[in-house]
> 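One structure coming up, written as structure tokens, with questions to follow.
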Amino acid sequence: MFADSVRRFAESTLAAGAVARAHASEFPAEVVERLVAMGLIGITIAEEDGGIGGTLSDAIVAIQEVALACPRSADVVQAGNFGAIRTFAEYASPALKARFLPELLAGRSIMAVGMTEPDAGSAVTELRTAARPDGDGFRLSGSKVFGTHSGHADLFLVYCRFGPGVGGIGSVVLERGAEGFEIGPPSTFMNGEQWCPLYFDDVHVPRERVLLGPGGFKKQIAGFNVERLGNAARAVAVGRHAFNVAREHALARHQFGRPLCEFQGLQWKFADMAMRLDGAQLLLMRAAANADRGGLPSAYDTAVAKLACNLAGFEAANESLQVMGALGFDEQSIVEYCVRRTRGWMIAGGSLEMLRNRIAEEIFERKFSQRAEPPAQ
Ligand SMILES: Cc1cc2nc3c(=O)[nH]c(=O)nc-3n(C[C@H](O)[C@H](O)[C@H](O)COP(=O)(O)OP(=O)(O)OC[C@H]3O[C@@H](n4cnc5c(N)ncnc54)[C@H](O)[C@@H]3O)c2cc1C
């Protein structure tokens, strides 16, 4: 029933502008109010914190139904349920939540994640941004790159180092405009999204703005697994969006005097796409359902689901483009956007290779250090 009601809402109010939104670089702020009014922001946030108090599975239903009608609008559902907001709501103090959650839940504010640094991508634990004790707070120095929403966010959840090693990593909440916090010029990803480098030059961080202190890295990543499932959910839904467009095309377009759908070479493409999308969807729902029994999604469930969804989503979008020929390759079709969009998720939030590394550790029940051995003395 929930899926039906989100579908009806999305088809009637979001589908018409989907192609235009896909090709606009700005965040689709005009749909925020409608999504808030429909109860699609804060689904995963507890009622006592001002959220809807729903499950992760509910949020996945919502983001996917929105993406099936308008892929770009699903980014608003991501920011309001799966992104930094979810980690923040999990770990912030009551005072910090009272200060920032109302605006985030009303869709008037967005929180970006500052994790990746120029020299710490997949090797995120090598991050250098440092929080140095200073009076009753800290001074933050360093820089971040590639952050989604970094150009327009009001708040930033910044991973930083309070001390050496993985145990020294935690996070702080920063507001745009803080003294010494500079947001650099925008750069554009292949998917059309813009990101800005972030520079911290001795930015004062009051102690109460620390989200997770030293030793917080594991908790931070556990919260980040929700973000990864939002990424996976959109990947599979955006792949299916392209599949649905290509299916209509294959029914309507004639070549050699017959509809495209009568060519077996194309039928098999659709069969393979359907199998991969359905399989990935089941893995995604397993990860969400297991988390709904209490807690955050497990690392293994998340890695397997994200790997399957990223691959299935990209392959479906790419094959759908092929089925549509030049029309699929042209900007007037949303399918080319679906290809560019699903491609980015194979890198963002843990690349396909890093997910495979994580899955292998679970299979062999041991850690495989990726670090170079120190040179022999
Ligand atoms: C669309 C998009 C949105 C993003 N949003 C954010 C965001 O909101 N906040 C944020 O902080 N960051 C964000 N990122 C950055 C993202 O987290 C990093 O791009 C990602 O972690 C990979 O780091 P890197 O790009 O530096 O690649 P690198 O780490 O340099 O890796 C390069 C290649 O080597 C492979 N590789 C590296 N190490 C290994 C290994 N041990 N085994 C096998 N292969 C390996 C990688 O898989 C990759 O293919 C975003 C990126 C994209 C593309």
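Counting starts at 1 for both ligands and their atoms, in listed order.
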> Would you say the side-chain atoms of Asp49 pair up with the backbone N or O of Gly51, donor to acceptor, closer than 3.5 Å?
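Between the backbone of Gly51 and the side chain of Asp49 there is no qualifying donor-acceptor contact (under 3.5 Å).
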> Counting non-hydrogen protein atoms only, what is the nearest one to atom 5 (N) of ligand 1? Give residue, atom name and distance.
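Of the protein heavy atoms, Thr148 OG1, 2.9 Å lies nearest.
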> Using a 4.5 Å cut-off on heavy atoms from C-beta on, say whether the side chain of Lys144 contacts that of Phe200.
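Phe200 vs Lys144: side chains touch.
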> Can you find a pair of side-chain heavy atoms, one from His254 and one from Glu262, that are under 4.5 Å apart?
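Result no, sub-4.5 Å side-chain heavy-atom pair not found.
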> From atom 16 (C) of ligand 1, is the closest protein heavy-atom distance below 4.0 Å?
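It does: a protein heavy atom is found less than 4.0 Å away from atom 16 (C) of ligand 1.
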> Tell me if the CZ atom of Phe329 is crowded by more than 12 foreign heavy atoms within 6.0 Å.
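Count not over threshold, so no.
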> Where is the nearest protein heavy atom to atom 20 (C) of ligand 1: which residue, which atom, and how far?
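Looking at atom 20 (C) of ligand 1, the protein heavy atom closest to it is Ile347 O, 3.7 Å.
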> Give the residue and atom name of whichever protein heavy atom lies nearest to atom 12 (N) of ligand 1, and the separation in Å to one decimal.
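Among all protein heavy atoms, the one nearest atom 12 (N) of ligand 1 is Thr116 OG1, 2.7 Å.
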> Name the closest protein heavy atom to atom 42 (N) of ligand 1, giving the residue it belongs to and the distance to 0.1 Å.
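Nearest neighbour among protein heavy atoms for atom 42 (N) of ligand 1, to 0.1 Å: Asn357 ND2, 3.1 Å.
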> Nearest to atom 27 (O) of ligand 1, what protein heavy atom do you find, and at what distance?
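It is Ser122 OG, 4.2 Å.
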> Quick one: does atom 37 (C) of ligand 1 have a protein heavy atom under 4.0 Å from it?
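Under the 4.0 Å cut-off, atom 37 (C) of ligand 1 does have protein heavy-atom neighbours.
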> Could you tell me which atoms of ligand 1, counted from 1 in the order shown, lie closer than 4.0 angstrom to a heavy atom of Gln370?
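Atoms satisfying the 4.0 Å criterion: 40 (C), 41 (N), 42 (N).
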> Under 4.0 Å from atom 47 (O) of ligand 1, is there any protein heavy atom?
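Yes.
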> With a cut-off of 4.0 Å, which atoms of ligand 1 are near a heavy atom of Val113?
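Every atom of ligand 1 under 4.0 Å from some heavy atom of Val113: 7 (C), 8 (O), 9 (N), 10 (C), 11 (O).
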> For ligand 1, which atoms sit closer than 4.0 Å to a heavy atom of Ser351?
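Close to Ser351: 46 (C), 47 (O).
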> Tell me which part of Val124 gets within contact of ligand 1: side chain, backbone, both or neither, using heavy atoms under 4.0 Å.
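Answer for Val124: neither.
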> Minimum heavy-atom separation for Val339 to Ala317, with atom names?
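Here Val339 and Ala317 meet closest at CG2-O, 3.4 Å.
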> Which option wins on minimum heavy-atom distance to atom 21 (O) of ligand 1: Gly147, Gly121, Ala153, Ala123?
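That would be Gly121.
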> Under 4.0 Å from a heavy atom of Met354: give me the atoms of ligand 1 that qualify, with their elements.
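Taking each heavy atom of Met354 in turn, ligand 1 has 38 (N), 39 (C), 40 (C), 41 (N) under 4.0 Å.
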> Would you indicate which of Gly344, Ala348, Ala120, Ala112 comes nearest to atom 2 (C) of ligand 1 when only heavy atoms are counted?
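It is Ala348 that holds the nearest heavy atom.
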> Using a strict 4.0 Å threshold on nitrogen-to-oxygen distance, state whether Glu11 and Arg7 make a salt bridge.
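Salt bridge between Glu11 and Arg7, a charged N being under 4.0 Å from a carboxylate O: no.
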> Please state which option from Phe146, Phe189, Phe156 has its nearest heavy atom closest to atom 13 (C) of ligand 1.
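The option holding the nearest heavy atom is Phe146.
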> Once the angle between the rings of Phe189 and Phe146 is folded into 0 to 90°, is it parallel (under 30°), tilted (30 to 60°) or perpendicular (over 60°)?
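Rings of Phe189 and Phe146: tilted, as their planes differ by 30° to 60°.
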> Any protein heavy atom under 4.0 Å from atom 23 (O) of ligand 1?
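So atom 23 (O) of ligand 1 has protein heavy-atom neighbours under 4.0 Å.
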> Before giving the answer on ring-ring contact (aromatic ring centres under 6.0 Å, His included), spell out for Phe181 and Tyr199 the whole-Å C-alpha distance, their side-chain angles and the decisive distance to 0.1 Å.
CA-CA 6 Å; Phe181 176 19; Tyr199 304 104; 9.4 Å; no
> Write out the residue and atom name of the closest protein heavy atom to atom 44 (N) of ligand 1, then the distance separating them to 0.1 Å.
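Closest protein heavy atom to atom 44 (N) of ligand 1: Glu353 CB, 3.4 Å.
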> So, using salt bridge (Lys or Arg N to Asp or Glu O under 4.0 Å) as the criterion, who are the partners of Arg21 when residues are at least two apart?
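Counting only residues at least two positions away or on another chain, Arg21 forms a salt bridge (Lys or Arg N to Asp or Glu O under 4.0 Å) with Glu30.
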> Does Leu198 offer a backbone N or O that forms a donor-acceptor pair with the side chain of Glu182 under 3.5 Å?
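Not confirmed, Glu182 side chain does not pair with Leu198 backbone.
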> Charged N to carboxylate O below 4.0 Å: is that the case for Arg207 and Asp136?
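A salt bridge is present here (some side-chain N lies under 4.0 Å from a carboxylate O).
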